[in-house]
There are 2 protein chains.
Amino acid sequence: MHLRFVEVFCDVAQRRSFSKGAAAHNLSQSSASQAVSFLEKRLGTKLIDRSKRPLELTPAGRVYFDGCRELLERFRAIEDQVQQFHDRVTGTVRVAAIYSVGLMQMEQSVQTFAERYPEARLRVEYLHPDQVCEQVQNDEADLGLVSFPRPSGEIVSLDWQRQPMVLVAPPAHRLASQPSIGLSELDGEDYIGFTRDLTIRREVDRWLKRARVAVNVVHEFDNIETIKRAIEIGSGVALLPSPTVWQEISSRTLVAVPIADSEFFRPLGIIHKRHKQLTAAVQKFIELLQHEAPEPVPGATQAGQADAVGQAPDDRVAGRARGRSRSKRAPV
Amino acid sequence: MHLRFVEVFCDVAQRRSFSKGAAAHNLSQSSASQAVSFLEKRLGTKLIDRSKRPLELTPAGRVYFDGCRELLERFRAIEDQVQQFHDRVTGTVRVAAIYSVGLMQMEQSVQTFAERYPEARLRVEYLHPDQVCEQVQNDEADLGLVSFPRPSGEIVSLDWQRQPMVLVAPPAHRLASQPSIGLSELDGEDYIGFTRDLTIRREVDRWLKRARVAVNVVHEFDNIETIKRAIEIGSGVALLPSPTVWQEISSRTLVAVPIADSEFFRPLGIIHKRHKQLTAAVQKFIELLQHEAPEPVPGATQAGQADAVGQAPDDRVAGRARGRSRSKRAPV
DNA sequence: CTCTAGTATCGCAAAAATTGATAGTAGGCT
DNA sequence: AGCCTACTATCAATTTTTGCGATACTAGAG
């Protein structure tokens, strides 16, 4: 009669809002309020200080929250373990992905997952890279999909994909018709770059610097979508991970040209918390991701592979992931 | 909507019976059955094998049981911790005591506890010494009250009382009228002893042996009550912890004579599991026990104290402990 | 001081948990 | 083997809990 109440309390505490916490459980705000009241009455202690507007936890509430979070986690783990006896895969896999890892990168895995494990649920949320790490860190997501993964003490990273960087230009651009180009050909070119706070910007800068190439940065954006739009209107060219422009290439609005004389990939990684034991569902999803990565690309992008890069591998529109995956614009 | 179910399952599993598990929760057997069914349906796994008559856990059930036991324990701990913020003492203290630690030894503590912490519950169960240890070991009791406590790896023991051993005889016995006697005076005496499996028997034997006294053991019983009855009908005398005969002494059916020339106490201890964090209620009860021990007796039984030993300190009949404390006969 | 976003409270509707009665089973006994 | 007994599962009815919508209340912003 009240494990659910504890869950609601935790969600309310986490979001610092009754309404939002309730929404997260598909409950009315009224219910959430009553649930917390119930716990408070039971414990004889106020858990939440409502006199502050973004509500605050009382000291007791903090203790209860921390304890219950771990408890719920552990309970999930136990249920999962028991279900393994019958190879039953249930529960929700919460994935936090950077904007540029769109469904395109995961579509196959998502679909296979939904088919193979109909009792499990998948929730994918697209976020800023920092937020992805944050959510994984705070146990708000089971898995994070990030670029240039940087394992730290608390976070483990599994290699996932290596996306070749290609030159992206409008079809009419002077470089667009070549089968491949050397990096030096970009010297002085008008260029649309990422903002400097993003790892990919720093990596690209290093790459160009090593090749002693200086581009003329005319714009900086923090997401790929905007960069592509800027290229389309002729503001300049950009170096982007090839899978992120498949769509535009297949619709002939942009052209991708492989870089011939220098290798550079954007590595994608799957991150998760180190000491958290992953549920079967999470493990299965990782397996699928690793197995069905659209482009393992162990080799490299070489001159003459232009066609291969230019081909969008699949035009099916993504079969929507189950659960509500906040559909935001999909930058970086 | 289901923490209670988990509790019921654990109780059912522990008692290996739906009916008994249900009873332990004041539920109908029907409910218990449905509760377990619910969990099984939820997990998609049978937890209990009903085809065996004392029911058995399936492998999955075992895992679930172990996991949930720890979980519930932890949850209790969290709730307890939170309630401490307001010095609220709740929950149940489960005490397992050996037969001979009757209410007489605890009455004051029990009463004070009930008054001071009305929201807490106390359940005392009287058992065979081995069962006391077993219950503490298996987390079926929070505290054990035992004699000759022997702390082991898993069990911690706190000293509680030192009960002076006295000679107990019928009023008409030749030794009964003396203010005190020497141990050697018992040589050759008809004697009612404990059975050899009890620690107290072995300790008494050692004591007598060291004094080079040999008694004539005419009967052996595993509990004090029966020994007292045997003494009353004149079968012999016995060496017993003095508090265990207060009742008979005050009603003049037996006489206790202190031993003058040799000190011997039956030590009582409070045992609990080492690594289990005790709830506030348990801690408070321990405090009461230690503070209100009826006879701390730091010194010793000396000649001339006969009167003191002979006085039953209090004739009030014990105000019954709350919760159902199986009232069994009260041996050892 | 008013306005807004966010909460508590109340009565009612919906969904449970619980029960008692009853049918079904495993294991012991003759 | 077959009955008996002690348990357990199932079902329908009832009681209890939970959830919701409407409405009153409150902290903080402007």
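Computed from a predicted model, the values in this text were never measured in an experiment. Lettering follows sequence order; numbering is per chain, from 1. Hydrogens, waters and symmetry mates are skipped; everything else that's a heavy atom, side chains included, is used.
Of the charged side-chain nitrogens involved, none lies within less than 4.0 Å of a carboxylate oxygen, so that A/Arg50 and A/Glu56 do not count as a salt-bridged pair. Look at B/Glu73 and B/Arg76 and you find a salt bridge, because one of the NZ, NE, NH1 or NH2 atoms lies within 4.0 Å of a carboxylate O, short of that distance. Classification of B/Glu125 and B/Arg94 as a salt-bridged pair fails, no side-chain N sitting under 4.0 Å from a carboxylate O.
Looking at A/Glu140 and A/Asn138, their side chains do bring a donor and an acceptor atom within 3.5 Å of each other. At a cut-off of 3.5 Å, with distance as the only test, no side-chain donor of B/Asp142 or B/His272 sits close to an acceptor on the other residue. Side-chain contact annotation: B/Gln83 with B/Thr90, donor-acceptor N/O pair under 3.5 Å present. Between the side chains of B/Gln34 and B/Ser30, a donor-acceptor pair is found at a separation under 3.5 Å.
If one axis is set at each end of the helix from C/dC1-D/dG30 to C/dT30-D/dA1 from five pairs, those axes are 30° apart, to 10°.
In this structure, the ring of B/Phe221 has its center no less than 6.0 angstrom from the ring center of B/Phe194.
Among the protein residues, A/Ser33 comes within range of the nucleic acid bases, having at least one heavy atom under 4.0 Å from a base atom.
What separates CD of A/Glu56 from P of C/dG6 is a distance of 16 Å, to the nearest Å. What separates NZ of A/Lys20 from P of C/dA5 is a distance of 11 Å, to the nearest Å. Rounded to an integer number of Å, the gap from CG of B/Leu3 to C1' of D/dT17 is 16 Å. One can place CZ of B/Arg15 at 17 Å from C1' of D/dT8, the figure rounded to the nearest angstrom. In this structure, A/Glu40 places its CD atom 13 Å from P of C/dT7, rounding to the nearest Å. For the pair B/Asp49 CG and D/dT8 C1', the computed distance is 13 Å after rounding to whole Å.
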inquiry  = Counting primed atoms plus P, OP1 and OP2 as sugar-phosphate and everything else as base, spell out the protein contacts along nucleotides 18-30 of chain C at 4.0 Å heavy-atom distance: B, S or - for each nucleotide, 5' to 3'.
reply    = BBB----BBS---
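Not one side-chain nitrogen or oxygen of B/Ser19 sits closer than 4.0 Å to the OP1 or OP2 atom of D/dA6. Between D/dC7 and B/Ser17, no contact under 4.0 Å exists linking OP1 or OP2 to a side-chain N or O.
Panel note: side chain A/Ser33, backbone A/Gln29; no donor-acceptor pair is recorded below 3.5 Å.
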